[in-house]
Amino acid sequence: MNLDTLNPAQREAVEKTEGPVLILAGAGSGKTRVLTTRIAHLIENKGVQAPNILAITFTNKAANEMRERVEETLGSDTKEMWISTFHSCCVRILRKDINRIGYNRSFIIYDSADQVTLVKDCLKELNLSDKAFEPKVVISTISGAKDKLHSPKEFKQMHMSDARMSKIADIYALYQDRLKRNSALDFDDLIYKTVELLRTDSEVLEFYRSRFKYIMVDEYQDTSKAQYELIKMLAKEHQNICVVGDDDQSIYGWRGADIRNILEFEKDYDDVHVVKLEQNYRSTQIILDAANTVISNNIERKRKKLWSEKKEGELIKIQVAENEVEESDFVSDMIAKIAREQNRSYKDFAVLYRANAQARPVEDALNRSQIPYNIYGGTKFYERKEIKDLIAYLRVIQNPQDDISIKRIINVPRRGIGLRTIEKIEDRASLKQESMYSVLIDIESNSDISTKARNSISAFVDTIGTLRTIKEVYPVSKLIEKVLETTDYYEYIDDLYKGDTEEAKDRKDNLKEFISIAIEFEQSSEDQSLEEFLTGVALTSESNEEEEIDKVSLMTIHTSKGLEFPVVFLIGMEEGLFPISRAVRSMAESDIEEERRLCYVGITRAKETLYMTLTQKRTLYGKTNPSIASRFMEELPKECIEKLNKEEKQITSYSKANYNVLDKYKQKYMTNVNKSAVATKVNATIKDTTKESNLDDIKPGAKVHHPKFGVGTVVGMMGSDVTIAFEKQGIKKINKEYTTLDVL
DNA sequence: AGAGCTACAATTTTT
DNA sequence: TTGTAGCTCT
C-alpha cells in the first residue's frame with residue numbers, strides 16, 4: 001500500500017490506526033480517499049483481518065462507493081468486511097438475534113407512509129383526533145424520542161407535567177406495541193432496537209465488540225444520539241474508532257443528527273488524535289474564501305480553513321432579478337451561453353435551491369430554451385401507489401401479521417370487502433389480541449359478517465395461502481408475476497386509469513421495472529429470499545435509473561451534499577427562503593447556524609464558477625411579496641463578488657430591512673393564522689409610530705425589542721455596540737447602527 | 001364504490 | 001399555485 005500520493009494530513013489520518021481518531025474533513029478534502037486508503041492500509045500493511053473491520057456510512061451510495069474503491073485498491077474482494085450503512089448494519093445484527101428481545105426475526109421494515117397509517121390507527125384506538133395530534137407531528141416527536149434513546153416509559157416520565165406530550169407518550173407506547181404485534185420495525189427502531197439488544201444481551205454485545213477491532217464512521221456530524229451510543233458500545237473494547245466528518249456540513253439537525261457528537265468527540269474518548277484535512281481539491285481559492293468567511297459567522301464550530309492550490313479564480317457572480325421567472329430565465333440563458341462559449345456539457349451545471357418548490361420556474365425556463373435537465377427529489381420509485389401495493393402483497397406473503405399491509409391490499413384490487421367489514425375484522429382482532437390475518441383465516445366463525453363478504457375473504461385468504469406456497473419454491477421475480485396474475489392487477493390498473501392512457505402505461509411500466517429489480521436482485525445477491533429482497537427494498541430509496549446522461553442537475557442544497565459541479569447556480573438567496581423560516585422571529589440562533597452551514601455546503605459545491613441569484617419580489621404558493629436579500633449575501637467578502645446588474649437594482653438588504661419589513665415578511669410564512677402571529681403583528685404596528693423618537697432611550701436597564709432575538713434588557717453600551725440580555729437567546733452584543741431596536 | 005368537490009397546507013429527507 | 005386528504009352525493 002503506497003501512501004506517497006497523499007498529502008501530509010491525509011497520510012497522518014491513514015497511518016494513525018490505533019486509538020480514537022477524529023478526522024475533520026473539510027468539503028472536497030478527499031475524505032473518501034482517506035477512508036478507503038485507511039482500510040487498505042489496515043489490511044495490507046497492518047495485517048488486520050477483513051472481518052475485524054467495520055465501516056459505516058449514511059447512504060447506500062457512499063457504502064457502495066467505498067466498497068468498490070477498497071476493492072480496487074486492494075485488488076481483492078471485501079465480502080468479509082462490514083462496509084454498510086447504519087441501517088443495514090443494524091438489520092444484519094437484528095436478523096440474527098432480535099428474538100432475544102422478544103421480536104420476530106423475520107420482521108419487516110415500515111417506511112414513513114406506513115408510519116402515518118399506523119399512527120392514525122393508534123389515534124383512532126385512543127380516541128384522539130388527528131387534528132389535535134397531527135400524525136406528522138406525532139411521528140416526528142416519536143422519532144426524536146427514539147433518536148435520543150428514550151423509551152415510551154422514559155418519555156412519559158419526562159413529560160409528566162405536559163398534558164399534550166403525555167398523550168403523545170401514550171401514542172408512542174401504543175405505536176411500539178402495534179409495531180411489535182405486526183412484526184415490524186420502523187427506520188428509527190433499526191438503530192434503537194440494536195442498541196437495546198446490545199444493552200440487554202451481554203453475549204451479543206461481547207460477540208460484536210471483540211469482532212470489530214477497527215471501526216470507521218463517515219459523516220460523523222450527522223449521527224444521532226442513538227447512533228453515537230451504538231458506536232460507543234461497539235468500540236469500547238478496542239477503542240480503535242475513527243470518525244470522519246465536517247461539523248460545518250451538519251445540515252440534518254432537524255432529522256435527529258446531533259452536532260455535539262462531533263464537537264465533543266474529544267471529550268467522549270480518551271487520547272483522541274485529531275487530524276484536520278483543510279486542503280481542498282475541488283474549488284478555486286475565491287470560492288473557498290467566500291465559504292470560509294460565511295461559515296466563520298457561526299459560533300458553534302471547530303476552526304478550520306479550507307485552502308486550495310488553485311489560486312484566485314473567477315469572482316462569484318451575483319444577479320438580482322425582478323422575480324422568479326426572470327431569475328430562472330437568467331439561469332437558463334447563462335447555462336446556454338456558458339455551454340456555448342466555454343464548450344461545456346450540460347452535466348457540468350447544477351441549479352441548487354433551498355426548497356423544492358423553487359424548481360418549477362427553473363424547469364419552465366429550461367424547457368423554453370430546450371436545455372435538458374434532471375430533477376432530483378420528488379416521488380420516489382418505491383413510494384408509487386402500484387409499487388407500494390405490490391410490496392404490501394409481498395410483505396403479507398412474507399409476514400401475514402402485518403396488519404398495515406393487509407389493510408392496504410385486502411380490497412385492492414376490489415373484491416367487495418368494504419370499510420365496514422374491515423372495521424369489524426379490526427375490532428375482533430384487537431379484542432382477541434391477534435393479527436387481522438388470524439381473524440381472516442377463521443372468518444367462518446364470524447357471524448356479524450355477511451355471507452358475501454365472508455366468501456370474498458375466504459377467496460382472499462386462499463390467494464395469500466397459494467402465494468405463500470409459491471414463495472417457497474419460486475424466485476422473487478416469479479412470485480411477483482404470480483401476484484400480479486392471480487390478483488388481476490394489470491386489469492385493475494387499466495380500470496383505474498382508463499385503459500390506454502399514458503398514466504396506465506406508466507404504472508404498468510413501473511411494475512415491469514420492479515420485476516427487473518427483482519431479477520437483478522436474484523442475480524447479484526447471495527441470499528435470494530423474499531425477506532432479503534424486502535429488506536433491500538425498504539433500505540433503498542432510488543431505483544438505479546438514468547444518471548450519467550448529459551443534463552443539467554436541479555436539486556435542493558441538501559441533496560447536493562457530497563457532489564460537485566464546475567458551474568453552480570445558488571438561487572433564491574432571500575431572507576425567509578434562505579435562511580428559511582415560517583416565522584423569522586422565532587428562529588433560534590442554532591437554526592440560523594444550520595442554515596448557514598447549508599449555505600456553506602451550497603457554495604462549496606462549485607468547482608470554478610458560482611452564481612448567486614435573488615429576486616426583488618417572489619411569488620411563492622400563489623402569493624407575491626417583496627424580497628429582502630439573504631443575510632448570507634452580506635456575509636460574502638466584497639473582494640470575492642461581482643455584481644452583474646448594469647444598473648443597481650433595488651433590493652432591500654438584510655441589515656437595512658427594518659423591523660416592519662421583516663415583520664410583514666414573516667406574515668407571508670405564517671399561512672395559518674395562529675394567535676401569536678396576530679399578536680406580534682399588532683404590536684409591530686403600534687411600535688412603528690414611536691420608533692423614531694425613542695432611540696435615545698436605549699440605555700442600560702431599558703427593555704428593548706430586537707427584530708431577530710426578541711425582547712431583552714440592555715446591560716451595557718460601548719459606542720454603537722449595545723450588550724443585551726435576551727429572554728430567549730442569551731446575552732448578545734448588537735450594533736445599533738445595523739439593527740432597529742425598539743424600546744418597550 | 002366511485003366521482004367530484006372542498007378545504008387546507010406547502011422546508012430540507014441519507015435510511 | 002398546486003397537490004392531496006377527506007368528505008358528500010349518487
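Order of the sequence lines fixes the chain letters, A, B, ..., with proteins taken first and strands second; residue numbering starts at 1 for each chain.
Although no hydrogens or angles enter the test, the distance criterion places a donor-acceptor pair under 3.5 Å between the side chain of A/N323 and the main chain of A/E326.
A salt bridge does not link A/K148 with A/D258: none of the charged nitrogens is closer than 4.0 Å to a carboxylate oxygen. Taking a cutoff of 4.0 Å between a charged side-chain nitrogen and a carboxylate oxygen, A/R368 and A/D329 qualify as a salt bridge. Ion pairing of A/E574 with A/R618 is present here, as a side-chain N (NZ or NE/NH1/NH2) and a carboxylate O approach within less than 4.0 Å. Using a 4.0 Å cut-off between a side-chain N of Lys or Arg and a carboxylate O of Asp or Glu, A/D389 and A/R384 do not qualify as a salt bridge. Using a cutoff of 4.0 Å between basic side-chain nitrogens and carboxylate oxygens, A/D591 and A/R596 are not scored as salt-bridged.
Out of B/dT12, B/dT11, B/dA10, the shortest distance to the side chain of A/N356 is found at B/dT12. Candidate nucleotides B/dT15, B/dT11, B/dA10 were compared by shortest atom distance to the side chain of A/K136, and B/dA10 ranks first.
Note on A/N411: only backbone sugar-phosphate atoms sit closer than 4.0 angstrom, heavy atoms only; bases stay farther off. When heavy atoms are screened at a 4.0 angstrom cut-off, A/G377 is found touching no nucleic acid atom at all. Base contact: A/D222 has a heavy atom under 4.0 Å from a base atom. Contacts of A/T559 with the nucleic acid, taken as non-hydrogen atoms under 4.0 Å apart, involve only primed sugar atoms and P, OP1 or OP2. Contact annotation for A/Y252: base contact, defined as any heavy-atom pair under 4.0 Å involving a base atom.
Atom CD1 in A/I580 sits roughly 11 Å away from atom P in B/dT13 (whole-Å rounding). As a whole-Å value, the separation of A/F187 CZ from B/dT15 C1' is 5 Å. One can place CZ of A/R597 at 20 Å from P of B/dT11, the figure rounded to the nearest angstrom. Protein atom CD1 of A/I251 is 10 Å distant from nucleotide atom C1' of B/dT13, rounded to whole Å. Nucleotide B/dT12 holds its P atom 14 Å from the CD atom of A/E594, rounded to whole Å. Going from atom OH of A/Y600 over to atom P of B/dT12 covers 24 Å, rounded to whole Å. Rounded to whole angstrom, the span from the CD atom of A/E134 across to the C1' atom of B/dA10 amounts to 13 Å. We find that CD1 of A/I56 is positioned 14 Å from P of B/dT15, with the value rounded to whole Å.
Heavy-atom distances to DNA chain B give each of A/L539 and A/R354 a nearest nucleotide, and the one nearer the 5′ end belongs to A/R354. Nearest-nucleotide positions on DNA chain B for A/L598 and A/S112 put A/L598 closer to the 5' end.
We find that the ring of A/Y621 and the base of C/dT2 do not stack by the test of centres under 5.5 angstrom and planes tilted less than 30°.
Within the structure, salt bridge (Lys or Arg N to Asp or Glu O under 4.0 Å) contacts touching residues 123-137 of chain A (residues at least two apart or in different chains) are A/E125-A/R178.
By the 4.5 Å heavy-atom criterion applied to side chains, A/C90 and A/V195 are not counted as neighbours.
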Provide a list of protein-nucleic acid N or O atom pairs under 3.5 angstrom, restricted to nucleotides 4-7 of chain C.
| residue | atom | partner | partner atom | Å |
| --- | --- | --- | --- | --- |
| C/dG6 | OP1 | A/K120 | NZ | 3.2 |

